[in-house]
Every structure is written in C-alpha cells, then in structure tokens.
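Quick notes on the structure that follows.
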Amino acid sequence: MAQLLRGWSSIDPRFKHIRPVVYTVSRVNFSGFTTPGGNGGNGTTGTGGSNHSTAWSRYNYYRQQEFLRPPNASGWQYYGGQQQRHYGMLIGRVLRGVLKLRYLVLGSAIGGGVTLNKRYEEWKDGLPDMKWLEEVFPDNEKWAGFTKNLLAVKDAVKDSIEIDPRLKQLSEHKLNEWRQWFDQRLDNAIEAAETQQNPQIESSFQNLSEFISELYGATKEELRAKNTVNAKGLSAEDSRKRVDTLQAQVDSLQTEIMNVQLKYQREVEKLEKENRDLRQQYLILKTNRKQPTKKRIKKSLIDMYSEVLDELSGYDTSYTTADHLPRVVVVGDQSSGKTSVLESIAQARIFPRGSGEMMTRAPVKVTLSEGPYHVAQFRDSEREYDLTKESDLAELRRDVEIRMRNSVRGGKTVSMDVISMTVKGPGLQRMVLVDLPGIISTQTVDMAPDTRDQIKHMTEHYMSNPNAIILCIQDGSVDAERSNVTDLVSQCDPLGKRTIFVLTKVDLAEDLADPNRIRKILSGKLFPMKALGYFAVVTGRGRKDDSIETIREYEEKFFKNSKLFQSGVTMSHQVTTRNLSLAVADRFWKMVRETIEQQADAFKATRFNLETEWKNNFPRLRESGRDELFEKAKGEVLDEVVNLSQVSAKKWEELMNSKLWEKLSSYVFENIYLPAAQSGSQNSFNTMVDIKLRQWAEQALPAKSVEAGWEALQKEFQHLMEVARRTPDHDDLYDNLKSAVIDEAIRRHSWEDKAIDMLRVIQLNTLEDRSVHDKQEWDQAVRFFEASVKDKLQATETTIGEMFGPSTSQKWLHWRSSTEEQNKRRQVKSELDKILDSDSKHSPTLSYDELTTVRKNLQRGNVEVETDYIRETWYPIYRRHFLKQALNRAYDCRKAYYLYSQQGSDCEVNCSDVVLFWRIQQVIKVTANALRQQVINREARRLDKEIKEVLDEYGEDDEKKLQLLTGKRVQLAEELIRVRQIQEKLEEFINALNLEK
C-alpha cells in the first residue's frame with residue numbers, strides 16, 4: 001500500500017522528492033567474484049581435468065581468506081615474492097565487484113519500473129467502460145458555450161439578486177468541514193502506508209476498488225432508477241396552475257433576456273458613436289497639425305481583400321478554378337427583401353428602390369469595412385458619398401441606377417458586369433457581399449426573352465464557387481411553396497455547409513403564417529435545403545423614406561413584443577439584422593483563413609508555368625503589358641510627327657505642285673481649255689478663258705487647293721511611317737495601332753477656314769496677270785502644256801483601245817482578238833474618221849446630216865446603230881484629234897516667244913494655249929507656296945495635337961487597346977503581369993492576415 005501511495009523509487013506524493021537508497025554491504029555475496037574460466041564465473045570450464053580444477057579451488061580459498069583477513073599494524077601482509085602483484089590483483093577485483101554491484105542496482109530499478117507500469121495497466125483495464133458518459137454529458141464546445149451563457153447571466157443578474165447571508169455562511173462552513181475531513185483522511189492513509197505493509201490496509205484498498213467498479217459499472221438505466229425521486233402526485237387543477245406558473249416564468253425570462261440583449265446593443269452603439277466622435281476629433285487635429293512629410297495610408301485588411309477580388313474579377317470573369325476566394329453571395333426571389341437586408345448590414349439605404357419592378361440589373365459587389373466616417377465610394381471613382389446626408393444618398397442611388405442601366409447592352413435586361421463599391425462606417429462588420437438580381441418566375445413583355453435563364457445562370461455561377469457563402473433570402477410573408485431560390489441553393493450546396501438562411505418580413509408573417517410553420521422554417525425542417533444557421537429579420541415597414549435607424553428601432557420593438565419570440569418559436573440569437581451580420585462576418589473570415597493559402601499556391605504555380613512559357617517563346621524580350629506597349633507605340637508615332645516638321649520647303653512645294661495639278665487638271669481641261677479652244681477664234685478663246693478662270697478662282701479653286709494640300713500632308717506623313725516600318729529594329733506589333741491612330745487623327749483634322757479666304761485673294765491676283773514675262777517662264781509653260789496634253793492624249797488612247805479593241809500589230813504579236821461589240825465600234829470609227837479627214841477643223845459635235853449619213857453607210861454593211869451610239873463613239877475620236885492638234889501647236893510655240901513678246905495677243909502663231917497654261921502654272925506655284933507655309937507653321941502642329949488627343953483617348957480605352965494590340969506575345973505578357981499582381985496582392989493580404997492573428 002505504501003508503494004502504491006508513494007510510487008516506485010521512493011517518490012513521496014506529498015513532498016515530491018526521491019529518498020536516498022541505503023544498501024547493506026554485508027548482504028553482498030562476494031563468492032560471485034570469480035576469475036574467467038572458473039566454475040562460479042561467467043567463463044567456461046578449463047580442459048585440464050580434475051587436478052587442475054582442484055588446484056584452482058584451493059587457490060580461490062586462499063585468496064578469499066587473504067581478502068577477509070584484517071590488516072596488521074604495518075598494513076596488509078603479503079606472502080612470498082609476489083606481494084606487489086597480489087596487491088594489484090586485489091584492487092582490480094574490488095573495482096570489478098563494485099561495478100557489478102552498480103549494474104545490479106540499475107537493473108533492479110528498471111525492472112521495478114516495468115513491473116509498476118504493468119500493474120497500473122492491469123488495474124486500469126479492470127475499470128468499467130465510461131464511454132457512455134460522453135453521450136450523457138455535453139462535449140467541450142457545448143460546455144464552453146454553456147459556461148459563457150452562465151457568465152453572461154451572472155453578469156446580468158448579479159446586481160439584482162442577493163443571497164441570504166446565513167445560507168452563504170452555512171455553505172462555506174460545510175465546505176470547510178468536508179475539505180478538512182478529506183485532508184485528514186488522506187494524511188492518515190499516507191502515514192499508515194509509510195509505517196508498514198499492513199494487510200488490513202491492502203484489503204481495504206481492494207474493497208474500495210471493488211466499490212468503485214460496482215458504482216461505475218452500473219448501466220444508465222440502473223443509475224436513473226436508483227436516483228429517481230418519486231414526487232407526490234398532484235391534482236389536475238394544481239398541475240394546470242403549476243404549468244401556467246412555469247410558462248409565465250419562462251415567458252418572463254425570455255422577455256428579460258431580450259431586453260438585456262437590446263440594452264446591450266444600445267450600449268454598444270452608444271460606445272461606437274462616442275468612439276466615432278473621438279476619432280473624428282483626432283483626425284481633425286491630425287489634419288490641422290503641420291506634417292513635414294505625407295505618410296502612406298495603411299490599407300485595411302478588408303480593403304486589401306477587396307482589391308484581390310477586383311483583380312480576380314478582371315483576370316477571370318467566368319469564376320473558374322482560378323477564383324475560389326470567399327465572398328458572401330446574396331440570392332433570393334425578386335422583391336424578397338435581399339437588397340434591404342444588404343442595406344441593413346451596410347447601415348445605409350444605398351440602392352435604388354422600386355415598387356415590384358426589377359431594380360438590381362447587374363451584380364453589385366459591396367465591400368464593408370470599419371471607419372470613422374460613414375461614406376461610400378465606387379471603385380473607379382474618387383468621389384466619396386456622405387451617407388449621413390440625404391442628398392448624397394439620393395445621388396448615390398441615382399449613380400448606381402445609371403451604372404446598372406449603362407451595363408445593360410444589346411437589348412438585354414441584366415448584365416454580368418460587376419459594379420464595385422466600398423462602404424465604410426463605425427461598427428460595420430468587415431466582409432465582401434455580392435448582390436445579385438432577384439430570381440423571377442415569369443418574364444414580362446418589356447424583358448429580353450432570355451432574362452429568366454440569364455438570371456438563373458448568373459446565380460448558379462456565383463453560388464458554384466465552393467468557398468462562396470450563400471446568404472439565402474426568403475420572403476416570410478409569402479407561401480413557402482412559391483420559393484424558387486431554395487431549390488437552386490440546395491442544388492449548389494446540398495449539405496448546407498456554406499449557406500445561411502434569412503427569413504425576411506417576419507412582421508408581416510406573424511399574423512399571416514402559422515407559428516408552427518415558422519418554427520419549422522427556422523429549424524430547417526420545412527424547405528428541402530440545409531443551412532449553417534437560420535435567422536429572422538425585419539427590414540422595414542414598407543416605406544421608402546424610412547431611415548436605417550427607424551427600421552432598426554422598429555425591428556427591436558417588434559421582436560421585443562412579438563408573439564413568435566415569446567412563444568419560443570425563435571431564439572434570441574436568431575433574430576435582428578445585427579446578429580445576422582455578426583454571424584455572416586464570422587463565417588466569412590473563417591472561410592477566408594481556410595482558403596487563402598490554397599489560392600496563393602495556385603497562382604504561384606500558374607506564375608511559374610507562364611514564366612517558363614515566356615522564356616521558351618520570347619527569350620530576349622521583356623514581358624510588357626498592353627499599357628506599356630501602348631506607351632512605346634505612342635512615342636514612336638509622336639516621333640514621326642516631329643520628323644514631319646523636318647521636311648524641307650523644296651520638297652513640300654514639289655509635293656504641293658504635283659498634288660494640286662492632280663486635283664485640278666481634269667477641271668482645267670474639261671471645263672476651261674476644251675470649251676474655250678472650241679470657241680472658233682483667238683479673241684473668243686481669251687475672253688472665255690478669263691471668265692471661266694475668274695469663276696473658278698472665286699468658287700471651287702480655293703477649296704480644291706486646300707483639299708490638295710491636306711492630301712499632300714497625309715501622303716508625306718504616311719511616307720515617313722512607311723520608311724520607319726522598313727527599319728531593321730521595327731516591331732510590327734504596333735502597326736495596327738499606329739494606322740488606327742493616324743487614320744482617326746486625319747479623319748478628325750480639318751484645314752483652317754481662313755486659309756480658303758487667303759488663298760482666294762492670292763489666286764485672283766495671280767490670274768489677273770495675262771503676259772509671260774521672260775523666255776524661261778515661256779519655256780516652262782510650253783513644257784507644262786506639252787506634258788499635260790501628252791498625259792490626256794495617253795489616257796484617251798487607252799480609252800480608245802478599250803472601246804475599239806486591239807490593233808493589227810497587237811493581234812499578231814499578243815494573240816489578242818476583238819469582241820463583237822468592238823468590231824461594231826470599229827466600223828463606226830471608220831465612218832467617223834472619214835469625216836475628220838475631210839475637215840480637220842471640224843467642230844466638237846456632229847450635225848444631223850452627218851449622223852444620218854453615218855447610219856445609212858453602216859446599214860449598207862448590215863450594221864444597225866442608234867444616234868447616241870454614234871455620238872458616244874465620236875467623243876474619244878474627236879478628243880484624240882483635238883489633242884494631237886494642240887500638241888502640234890505646242891511644238892510650234894517652242895520658238896515663238898520672240899514673236900509673242902513683240903506682237904502680244906496678235907501674234908501670227910496662235911499660242912493662247914501656252915499663255916493659258918502659264919497662268920494656271922503661276923496659280924499652282926503661288927498656291928503651293930502658301931500651302932507649304934500653312935503646313936509648316938500651322939497644320940503640322942494641329943495634326944500633332946489631333947494625334948495626341950487620339951492617343952490619349954485610346955490610352956484610356958481598354959477595348960481599343962485590346963482590339964489593336966493583339967498576338968500571342970501580348971496575351972502571354974498580359975496574363976503573366978496580371979498573375980504577378982494577383983499573387984503579390986494575395987501575399988500582402990496573407991501577411992497582414994497573419995499579423996492580425
């Protein structure tokens with residue numbers, strides 16, 4: 001018994017120290033100290049026979065006698081000449097004996113410990129099975145919750161309940177007596193066990209063990225039967241009174257608990273308001289204080305998480321496996337009150353409201369965070385809306401509605417584009433909620449045909465995220481059988497591991513619905529779905545102008561006086577929006593902590609794969625996103641605009657001259673020269689030329705000149721771009737963007753209006769001069785006239801060749817043949833050539849008699865033609881005839897300048913054609929010079945400004961950059977950059993989350 005109380009190795013359970021062990025040397029058997037090879041040792045027996053054994057025994061006897069003999073006065077006595085050797089052997093044997101004694105002691109201690117452990121295990125196995133107690137008593141979490149509730153009740157009632165001092169004194173006295181009795185009995189037992197091994201005590205201990213086994217070996221039914229107290233039977237009237245009394249007490253306690261909870265919430269709100277006021281004063285003082293440097297504002301944890309979600313929504317709008325981060329998805333039937341629940345959680349009426357019509361047309365991501373001021377802000381805007389002001393609330397609701405309507409395109413009713421906003425305020429629970437359009441049963445005529453399916457697909461899309469917390473909103477004022485959302489929720493989350501059920505409009509359901517039915521809903525027994533928790537809330541009185549404070553007061557008053565609560569249908573933690581927001585926030589952050597590491601690892605692996613792919617495909621290029629590539633292309637385009645200003649004045653004038661004549665030549669020949677040349681006389685020719693030139697200069701010539709100058713500017717700019725495109729270091733990735741920017745800038749650009757008026761004055765003054773001043777200008781005019789006539793003659797020959805077919809040489813050399821139409825034309829041409837051969841100065845038109853003659857001649861050859869057909873054939877033939885005559889006159893005028901200078905307009909050689917083209921050439925020269933000055937001084941800079949504006953617009957338009965900057969290189973770089981940004985934000989958030997832990 002003493003060994004059991006003290007334990008082995010002399011451990012005293014009271015004093016916790018090890019007693020010293022004393023060993024008696026007289027009990028040591030030294031006969032075991034033998035040499036190897038002896039019979040009594042561990043060695044083997046020698047092979048020398050019995051004589052050797054006898055001699056060895058005799059030797060051992062004398063050695064033992066010598067060892068046990070006491071020393072004489074002079075010390076130890078030695079015999080023979082081996083005294084020193086015997087002394088050394090004696091010391092060795094003593095040491096060997098002592099070492100062997102040590103091993104014996106250690107072996108005994110270890111063996112004793114093993115034996116004790118074995119006895120303890122046997123005694124423990126003999127105890128009865130106590131696992132049934134786990135079913136009777138609650139687990140640790142329930143004990144903790146029960147203890148917490150008891151402490152809360154203690155705090156609530158400790159000031160109102162006073163214990164009788166006599167009862168308290170009696171309880172303390174009895175407790176002290178029991179404690180003294182137990183200590184005395186324990187001391188007596190330990191003292192008796194230490195005295196001796198008493199068999200009576202051992203038997204008492206055995207009896208105690210049997211009693212314990214009998215006690216705890218009983219079944220639950222036996223214990224209940226033994227401990228059941230038979231109460232005295234009561235009459236029916238007394239039972240009814242007692243039940244009514246108990247029910248009244250229960251109702252009173254529930255009402256009191258509800259009042260305590262409401263009082264606690266009001267106190268918390270009061271403290272939060274005081275904290276907000278103090279925070280505002282602190283920020284005002286901090287703002288007014290002079291600070292030498294601005295510190296970077298530290299982002300809150302929920303803001304960092306919201307930025308991660310925004311990055312992910314831009315990276316993967318389809319919410320595939322790349323985005324499994326938690327978010328609270330608010331789903332429900334249309335007009336079930338889900339938007340009102342979200343507003344109650346955000347403590348502000350921030351969404352547009354309607355009467356039965358669809359108001360939520362796009363997903364709205366609301367990030368709730370705690371802050372000193374109650375403000376809201378869109379993600380892509382810097383404006384903050386003060387939610388304490390009704391004017392700002394109205395503007396916020398209007399902006400939300402505008403954004404929703406703008407997101408709906410192509411005749412759709414709903415959109416997948418996410419509207420992201422942040423709401424900060426004192427006392428707000430930190431979380432991210434997504435409000436979705438309400439599920440509808442029937443489509444109206446003003447909706448798109450696929451609206452119902454699109455809303456259902458969107459809802460399933462968001463709920464399919466395995467880490468999304470589903471906030472299922474059910475209207476309590478309608479029949480449960482009309483619910484559409486519960487089936488969808490049960491399909492996406494059949495086990496209810498991430499669903500929180502919210503019953504709204506309970507104030508309307510109190511009088512309409514059966515209390516038992518509401519009890520089934522809030523206990524999860526009515527709908528075919530499971531949930532983590534069930535809540536009942538009141539989101540308003542049906543008035544649009546009610547504030548959140550008014551709605552909250554109405555909700556508290558309702559649950560305080562509600563029959564549903566007082567009858568035990570709901571528990572206190574299942575009601576009010578505040579309890580709901582606390583539960584949702586707690587579940588949200590729990591889910592975030594469980595999943596954020598997995599997302600970070602997934603993006604880390606994605607980043608590694610993308611970087612490997614980039615190195616394999618583009619080893620010598622740095623990964624640049626669309627924004628960086630756009631900036632580089634922007635610089636190259638602006639560099640080309642700068643090169644435009646480096647073009648020489650001579651080159652500009654050459655460009656303007658060629659472009660002006662290209663634009664004006666047709667009008668000069670068709671409307672001025674040909675009509676004047678066919679007038680019949682030189683005087684009439686000059687008169688008609690003056691009239692037509694003046695009309696032209698006053699009306700069409702300035703505008704045509706500006707048009708020619710603008711086309712010359714475009715041509716030169718495109719030429720510079722083409723030269724840059726042929727350089728060795730050119731990157732064709734920017735070609736589409738450059739072309740689009742230049743085309744858009746050119747489309748927008750227009751020449752200055754005052755340039756036309758300035759050109760008109762210059763051109764009219766130039767055309768007033770009708771005399772060629774020197775031989776050089778005359779020669780230039782003659783060459784200009786010859787070149788112009790040759791160009792027109794060549795164009796006419798081409799037209800004739802197409803009309804009349806190939807010539808004889810072309811038929812033989814190029815194996816070409818004429819068509820039937822061309823043969824017919826050729827027969828008409830032969831008749832018309834006869835007319836021109838007979839009269840070289842024939843007028844431009846055919847007379848009626850000539851037309852009749854040609855038709856009759858063709859009829860004799862069985863060729864039937866109309867008069868218009870003959871005129872159509874006559875025009876190119878006469879034009880070629882006239883141009884050949886004009887070219888001959890140009891040849892004659894090469895050396896006629898002397899006669900012209902002497903005789904003027906009465907010159908024998910008719911050179912009026914040359915004078916006309918000299919005047920036109922002078923107009924072109926002065927116009928080209930004026931346009932060149934305008935390009936260098938004004939238009940190039942204006943074009944530069946237009947290009948910059950287009951580049952700035954395209955720089956802010958992501959769709960344009962996505963359309964114009966394409967290719968595998970761009971897509972891979974964009975994805976790699978986005979994954980890096982997401983990973984960095986995830987790591988930043990994880991570090992902040994770990995610091996908060």
Side-chain angles (χ1 to χ4, degrees), residues 265-266 268-284 287 297 299-303 305-306 310 328 330 337-354 359-360 362-404 418-435 471 537-541 543-556 576-578 580-582 584-585:
Q265 291 183 358
R266 284 193 293 269
V268 170
E269 292 174 359
K270 182 179 179 181
L271 292 175
E272 288 176 350
K273 183 177 180 181
E274 294 177 357
N275 184 23
R276 182 181 63 184
D277 295 339
L278 292 175
R279 177 68 177 170
Q280 290 177 348
Q281 296 176 8
Y282 167 73
L283 291 176
I284 293 173
T287 304
I297 299 176
K299 297 179 182 178
S300 64
L301 197 63
I302 189 63
D303 291 337
Y305 184 77
S306 179
D310 291 335
V328 181
V330 185
K338 55 184 182 54
T339 302
S340 300
V341 171
L342 199 153
E343 287 181 334
S344 299
I345 296 175
Q347 299 181 12
R349 310 206 72 172
I350 57 179
F351 293 106
R353 296 181 292 276
M359 299 305 298
T360 306
V364 182
K365 182 176 76 67
V366 182
T367 303
L368 300 181
S369 62
E370 192 172 9
Y373 302 105
H374 203 186
V375 295
Q377 183 180 7
F378 290 104
R379 176 195 174 193
D380 55 355
S381 175
E382 296 182 356
R383 180 187 175 182
E384 286 188 347
Y385 300 85
D386 189 353
L387 301 183
T388 60
K389 297 180 180 179
E390 188 59 36
S391 59
D392 282 18
L393 277 171
E395 293 181 3
L396 176 61
R397 289 192 291 266
R398 185 180 66 252
D399 292 344
V400 170
E401 185 175 2
I402 292 174
R403 287 173 179 263
M404 285 185 180
V418 181
I419 300 174
S420 181
M421 63 188 304
T422 302
V423 177
K424 297 182 180 180
L428 293 182
Q429 299 298 321
R430 302 177 302 170
M431 68 183 89
V432 178
L433 303 102
V434 181
D435 186 22
L471 198 62
V537 298
V538 175
T539 56
R541 298 178 296 176
R543 301 177 183 177
K544 295 183 179 180
D545 55 347
D546 281 350
S547 63
I548 293 296
E549 290 76 12
T550 304
I551 295 174
R552 183 180 301 173
E553 292 176 358
Y554 173 72
E555 183 183 39
E556 293 177 356
T576 72
T577 309
R578 181 177 183 83
L580 171 64
S581 62
L582 290 172
V584 173

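Because only heavy atoms are used, hydrogens play no part in the values below, and waters and symmetry mates are left out as well, while side chains stay in. Remember, it's a predicted structure, so these values are computed and weren't measured experimentally.
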Working to the nearest 0.5 angstrom, can you tell me the gap between [X] [atom1] and [Y] [atom2]?
X	Y	atom1	atom2	value
Glu384	Leu387	CD	CG	9.5 Å
Met404	Phe351	CE	CZ	6.5 Å
Glu343	Thr577	CD	OG1	11.5 Å
Leu433	Leu342	CG	CG	5.0 Å
Gln429	Leu580	CD	CG	10.5 Å
Arg349	Ser340	CZ	OG	6.0 Å

Does [X] have any salt bridge (charged side-chain N to carboxylate O under 4.0 Å, His left out) partners at least two apart in sequence or in another chain, and if so, which?
X	answer
Arg398	none
Glu553	none
Glu395	Arg383

Contact summary for [X] and [Y], nearest pair of heavy atoms:
X	Y	result
Val423	Ile350	CG2-CD1, 4.1 Å
Pro426	Gln347	O-OE1, 3.9 Å
Ala585	Arg430	CB-O, 4.2 Å
Ala346	Leu368	CB-CD2, 3.8 Å
Ser369	Lys424	OG-CG, 3.0 Å
Ile345	Leu428	O-CD2, 3.5 Å

Query - Note, Asp435 side chain near Val366 side chain (heavy atom, < 4.5 Å) - result: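 Asp435 vs Val366: side chains apart.
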
Query raised in the report: Is there a side-chain contact between Val418 and Arg379, using heavy atoms and a 4.5 Å cut-off?
Result: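 They are not in contact (no side-chain heavy atoms under 4.5 Å apart), so the answer is no.
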
Query raised in the report: Thr388 and Tyr373: side-chain contact (heavy atoms from CB on, under 4.5 Å), yes or no, with the steps?
Result: CA-CA 9 Å; Thr388 60; Tyr373 302 105; over 6 Å; no

